[in-house]
Structure formats: C-alpha cells, structure tokens
Amino acid sequence: MEQEQWNEYVKKVATCQWPVPSGMISDMNDWRCRSIVGRMLLVLDDIEGAMEVLSTVIKEKPDADNIPEYGLSDVEHMVLCLRDVAEIVWTLTHTDHAPLIYLDRAYRYCRSFKHPFHSVARGDIWCRRLEIMRESGKFEQAEQEAREMLDAEKANDGINPYQYFAGKFLAENAAAAGDYEQAAGLLATALQHYPLNEQGHADIAAAAAEPEAKVRYEKYLQCTKNKYAPWEELPPAVLKR
C-alpha cells in the first residue's frame, strides 16, 4: 500500500458521517491506526479498501500486555480485524475454509486474553464460526460444537458468553425446525448467562409467563437484542474469560 493511497483512506474515514480524527489514525506505520481505518472502511462499504488495509494488520503480533487506559487493547484490535476479514472473505466467496481459520484464530485470542474486552462479546466471535458452518452446510458439526461448548462450560455459572451463545445458537436451530417448545427452553437457559439489569429480569419474567411456545420464544429472542448491561464490567471473580 502506497502512502498516497493510505492518505486517501485516512481522509475518507476522517470526513465520513462518523468521522475519526485524522490525528488518531494517520500513522501508516502503526498497525493500530491501520486497524481502525480498515474497519471503518468496511463500515463505509469500501470492501476493497478495507481488505487492502486489514490484510496488513492480521500479519501483526499483538502485545497481550498492551492495556491502554482508553481505547482498545492490542488483542481487541486484532480480534476485530480477524472477524472483519473473515466476514469479507465469506461475503465474497461463500466458501468457509479461510473465514473459519480467521475466526478460530480470533477465538484463541479471546480465550487467552486475561483482561476485560470492551468492544465485543467473546462468545459472539466463537459463535460466528458456527453460523458460517451452518450456512455452508455443516449443520451437524456446528450443533455438535455448540453442545460440546455447553458441556465444557457447565461448571462456569453466572455471566458466560460461551454458554449464552451456544444455547442461543441451538435455540435458533430448534426454532428454524419449528420446535418452539424446545427453542424457548434452550433460549431461557441461555439467558441465565446473559448480563442483565432489573429491566432485563423483568422482561425475561414477562416472556416466561407467555403460555404459547412460539410467542414465548419470540419474546425471549427480543430480550437478546437488548443490551441490559455490559458483558465484562463485572467483579473480577465473575470474569473467567
């Protein structure tokens, strides 16, 4: 990537509808700047530009001890870049081999990082693998991995993004098959591991009171779309990821 092209990308990101100050992103030699610019280009639907920039980022090695007071850690930058590259490749090719490699690498970073994530639920990164597997015809393998995750995490009670996303994935599959009773039960269990505030608990109780399984499932599903509380701004004893 030439400097002139980089300057054009920075200008595009710094002058868009959601501008990022150019002073924060102008250094092409800083892979964190390239991370921000590449991901913003994807938001702006500049797929070619995003891939050009992000492909230079995923070659870097993040510092696991880089925990800035503000902004993202090195590992979070890398996880988000790997996620976005996987999405670009999947969208363009609809072949799962490379996207699953990128997402698996991102998942390993999520598992090994010992500090809080501020940007994304770690289980969401893992679950995206299952969704791509399902979309590419590997339905049974994806379901098996979800059940294996539930079994592996069964001792970790409380807020748990892996139990939550595994259960939600299985619930969606049950609903797609028309088994709303099972889907509602799976999603109710998954929501036991979702971060909730008082309103969240009230919404789930209201959903549980619905006698008809499909309506109950749909109301539970609506709860999953609400961000009641952060995933990881919790007491250290709860943060097991």
Joint cluster assignment, Val89 & Ile47, ILVMFWY side-chain distance < 4.5 Å = yes
Open item on the list: Run Arg147 and Asp151 through salt bridge (Lys or Arg N to Asp or Glu O under 4.0 Å) and show every step you take.
Closed with: CA-CA 6 Å; Arg147 296 186 189 284; Asp151 187 60; over 6 Å; no
Of Gln5, Gln3, Lys11, Glu4, the one forming a side-chain hydrogen bond (donor to acceptor under 3.5 Å, both in side chains) with Asn7 is Gln3
- Trp31 vs His77 aromatic rings, parallel, tilted or perpendicular, using cut-offs 30° and 60°? perpendicular
Contacts satisfying side-chain hydrogen bond (donor to acceptor under 3.5 Å, both in side chains) that involve residues 50-61 (not counting sequence neighbours) are Tyr9-Glu52, Arg34-Thr56, Arg34-Glu60
### Query
Around Met51, counting heavy atoms of other residues, nucleotides and ligands shown, do more than 12 lie under 6.0 Å from its CE?
yes
Pair Ile88, Thr91 - check side-chain contact (heavy atoms from CB on, under 4.5 Å), show working.
CA-CA 5 Å; Ile88 292 171; Thr91 300; 5.9 Å; no
Inset, instruction - Check step by step if side-chain contact (heavy atoms from CB on, under 4.5 Å) holds for Arg39 and Cys81. - result: CA-CA 7 Å; Arg39 288 184 285 110; Cys81 287; 4.0 Å; yes
Exactly one of Asp27, Asp63, Asp74 clears salt bridge (charged side-chain N to carboxylate O under 4.0 Å, His left out) with Arg32, and that residue is Asp74
Salt bridge (charged side-chain N to carboxylate O under 4.0 Å, His left out) pairs touching residues 169-179, sequence neighbours excluded, are Arg134-Glu172, Lys168-Glu172
When rounded to the nearest 0.5 Å, the distance separating CD1 of Ile204 from CG of Leu191 is 4.5 Å
Per side chain to side chain contact (heavy atoms under 4.5 Å, CB included), Met133 is matched among Glu143, Glu145, Arg128 by Glu145
SG of Cys223 to CG of Asn226, rounded to nearest 0.5 Å, is 6.5 Å
Cationic N near anionic O, under 4.0 Å, Glu153 to Arg111:
yes
- ILVMFWY cluster, Ile101 and Leu92 together (side-chain gap under 4.5 Å): no
Taken to the nearest 0.5 Å, the spacing of Phe113 CZ from Ser73 OG works out to 3.5 Å
Under-4.0 Å salt bridge between Glu87 and Arg83 = no
message = Parallel, tilted or perpendicular: which one describes the rings of Trp231 and Tyr194, with boundaries at 30° and 60°?
response = perpendicular
* Go through the side-chain N and O atoms of Gln144 and Glu140 and say whether any donor and acceptor fall under 3.5 Å apart. => no
When you compare the side chains of Arg216 and Tyr220, does any donor N or O come within less than 3.5 Å of an acceptor on the partner?
no
For Asn156 and Tyr162, what are the C-alpha separation, side-chain angles and deciding distance, and is it a side chain to side chain donor-acceptor pair (under 3.5 Å)? CA-CA 10 Å; Asn156 295 329; Tyr162 298 109; over 6 Å; no
task = Tell me, with the steps shown, if Phe117 and Val79 meet side-chain contact (heavy atoms from CB on, under 4.5 Å).
result = CA-CA 10 Å; Phe117 262 44; Val79 165; 4.0 Å; yes
